[in-house]
Amino acid sequence: MTTPSGSVRANLVDIAARRIFAAEIGWSAGVIGRIDELGAANPAWPCLLPGFIDAHVHIESSLLPPAEFARLAVRHGTVASVSDPHEIANVLGLDGVRWMLANAAQTPFHVLFGAPSCVPATAFETAGARLGVADIETLFATPGIGYLSEVMNFPGVLAGDPGLLAMIAAARRHGLPVDGHAPGLSGEAAAAYASAGIGTDHECATLGEAEDKLRAGMAILIREGSAARNFETLHPLISRYPGRIMLCTDDCHPDDLARGHIDRLVARAIAHGHDLFAVLEAACLTPQRHYGLALGQLRVGDPFNAALVDNLRDFTVRATWLDGELAAENGQTCLPPVPCQPINRFAARAVRRDELCVAPSDAALSRVIDAEDGQLLTRELRLPLPGPSVTDDVLLIAVVNRYTPTAPAVALVHGFGLQAGALASSVAHDSHNVIGVGCDAASLATALNAVIAAQGGLALVDGDGQVDCLPLPIAGLMSDLAGDTVASRYAALSDGVRHRLGSPLRAPYMTLSFMALLVIPELKLSDRGLFDGRAFTLTEVACPA
């Protein structure tokens, strides 16, 4: 890496002043010491911007630890992320959060972590840890923790759950923001949720829902991740509500991160005709204001965190600096790899194929989870099927408790479209038990057991019984391999699910991981059974006509 001193000539984009001009910017010890204006913008020069910020991302979902996530992100002009570590917290509690902080401290990339508010997310699943108010207070006193992570149990907030309200109150005492998570909430309910002290939401699926939350005083994060993709619906908000919109990925798998990050959302927003400065405010400045990040705006005295782009249409990144150090150049990272010692918790036993069946019933109908590509929300189908049917795209889904040896929970799912075989994963939001979908019990058992044998990973079993597995030794969530290697292997597994197993899903493993996320309706599966997210209670597969 270069020393944190230097200079660059470029068209400087001053977002707050809404002006662009040719300049030479000089910095020393990572801080901008001079900005020499050289006249009007030069069309032959590249443009210098404050770096991009992912305003809400679970780094663990990239399957990479923070330092390796950073090595991919900086290629795309990203200089910081606001990151909720509740994935690893659900597995390892405070030890997991501290592991993330320690790993992130070994890179100059800026990561603001939150204190996870919902560990476990609900009482209807088995997690590896439980964080209470005292733990949250401990985290608030820890350097690197700067907000209360998404409060997912919105029914609990509306019902006045004392534990949740105590966490929110603790954040407010410390002067810290509180992130929200309230899919589908609108009108008076959204206003009541916001009035509890919650300042953001990244779960909006419609403009109406988002505008209700904006009227209630919340900021809206437009999410475009690997599974949930809301940008095309929500991008009109960028111009309508400048200063109150941010951009995020939430959950971004490594192959997508290798291809692009917030830079791609900025380019898409410009292509939609949005005002340049409103777009860059959402991508670069509003997250700084909301979360108290001191990353700078490219003014004298600011730290030099910046992205140099070819132009203000495509936003192809030439270089990225972190506190004056060159972090990426011409699509290649300049950050060195950081060795890490895996940490894990895994006690699941192997699954028998005879355990992977839906209990027989005299009921007329079966409740079936209906998964939709690009959405975290599911629907409940009621179908006259006693069990799986590949012809009808109704397959077996199972969740295995990874923390205690016990029998799996089994249900039915529609939308995966497998024609043969199975896939399985230990990335299963939010408790990260082992989850799998398969055409038959034998294939599903093989896939689940491949993940269990690896003590965490992603597995594919084809119609001939051949197994491919990507181990995830860090909490069963992250790999210790190089980011590009993980991206390549993940892409190969995803391609295998599509081309060898026949699934139409764009991100089959990401979609699979959310089939256990109970806090997002309508129907999901935990290690304890089928869950109705509307009634917020466990239910049965069998149901009356």
Side-chain angles (χ1 to χ4, degrees), residues 54-58 82-86 89 112-122 131-133 135-137 139-140 145-206 208-223 228 230 234 237 241 243-248 250 282 286-293 376-377 429-430 517-521 533 536:
D54 191 334
H56 175 76
V57 61
H58 304 283
V82 179
S83 301
D84 178 359
H86 79 202
L112 182 71
F113 285 106
S117 65
C118 295
V119 178
T122 75
L131 298 184
V133 177
D135 300 304
I136 297 303
E137 291 277 13
L139 287 173
F140 285 156
I145 300 291
Y147 67 104
L148 183 65
S149 295
E150 55 182 311
V151 182
M152 297 181 294
N153 186 2
F154 62 88
V157 174
L158 297 178
D161 179 276
L164 284 175
L165 296 184
M167 290 183 186
I168 295 169
R172 298 179 76 174
R173 281 198 308 275
H174 286 270
L176 300 177
V178 179
D179 270 7
H181 166 119
L185 211 62
S186 60
E188 293 182 1
Y193 183 67
S195 70
I198 294 166
T200 70
D201 188 85
H202 59 271
E203 293 288 345
C204 296
T206 68
E209 176 187 348
E211 291 187 318
D212 273 2
K213 289 170 178 171
L214 284 158
R215 279 190 288 271
M218 302 173 80
I220 296 299
L221 282 63
I222 299 177
R223 171 177 61 190
N230 307 118
L234 299 180
L237 300 172
Y241 301 93
R244 298 185 61 195
I245 306 301
M246 295 176 263
L247 304 177
C248 75
D250 195 2
T286 302
Q288 291 197 49
R289 291 195 295 264
H290 186 84
Y291 292 102
L293 299 170
L376 308 190
L377 294 163
H429 303 287
D430 279 318
L517 185 54
L518 309 189
V519 294
I520 294 187
F536 225 72

Look up atom CG in Leu214 and atom CD in Glu209, then write down how far apart they are to the nearest 0.5 Å. 10.5 Å
Scanning both residues in full, the closest heavy-atom pair of Ile145 with Gly114 reads CD1-O, 3.8 Å
Supply the atom-to-atom distance Asp201 CG to Ile220 CD1, rounded to the nearest 0.5 angstrom. 5.0 Å
So does Lys213 pair up with Glu203, basic N to acidic O under 4.0 Å? no
Do Leu139 and Pro116 have side chains that get closer than 4.5 Å, going by heavy atoms? yes
Using every non-hydrogen atom in the two residues, find where Asp54 and Cys248 come nearest and quote the distance to one decimal. OD1-CA, 3.2 Å
Roughly how far, to the nearest 0.5 Å, is CZ of Arg244 from CZ of Arg289? 12.0 Å
Got a second to check how far Met167's CE is from Asp135's CG, nearest 0.5 Å? 7.5 Å
With a 4.5 Å heavy-atom cut-off, do Phe536 and Leu518 have their side chains touching? no
Counting only heavy atoms not in Arg172, do more than 12 fall under 6.0 Å of its CZ? no
For the side chain of Asp212 and the backbone of Gly187, is there at least one donor-acceptor N/O pair under 3.5 Å apart? yes
Pro85 side chain reached by Ser149 side chain, heavy atoms, under 4.5 Å: yes
Which atom of Asp161 lies closest to which atom of Leu164, heavy atoms considered: OD1-N, 2.9 Å
How long is the straight-line distance from NE2 of His56 back to OG1 of Thr200, given to the nearest 0.5 Å? 8.0 Å
Going by the rule side chain to side chain contact (heavy atoms under 4.5 Å, CB included), which residues pair with Leu112 if we only count those two or more places apart in sequence or in a different chain? Tyr147, Tyr291, Leu293
For a quick test of reading the model, state the closest non-hydrogen atom pair linking Phe140 to Ala115 and the distance between them. CE2-CB, 3.7 Å
If we only count heavy atoms from C-beta on, is the Ile168 to Leu148 side-chain gap below 4.5 Å? yes
Should the pair Tyr193 and Phe154 be assigned to parallel (<30°), tilted (30 to 60°) or perpendicular (>60°) ring geometry? perpendicular
Euclidean distance, Leu221 CG relative to Asn230 CG, rounded to 0.5 Å: 11.0 Å
Taking side chain as C-beta onward, heavy atoms only, is Asn153 less than 4.5 Å from Thr122? no
Just so I know, are the side chains of His86 and Glu150 near enough to count as touching, which here means a heavy-atom distance under 4.5 Å? yes
Have His58 and Asp250 got a donor and an acceptor in their side chains that come within less than 3.5 Å? yes
With a 4.5 Å limit on heavy-atom distance, are the side chains of Cys204 and Leu234 in contact? yes
Under a 4.5 Å cut-off applied to non-hydrogen side-chain atoms, are Asp179 and Asp84 in contact? no
Can you give me the closest heavy-atom contact between Ala166 and Val133, atom names plus distance? CB-CG2, 3.7 Å
Closest non-hydrogen contact found for Pro287 with Ala282 is CD-O, 3.5 Å
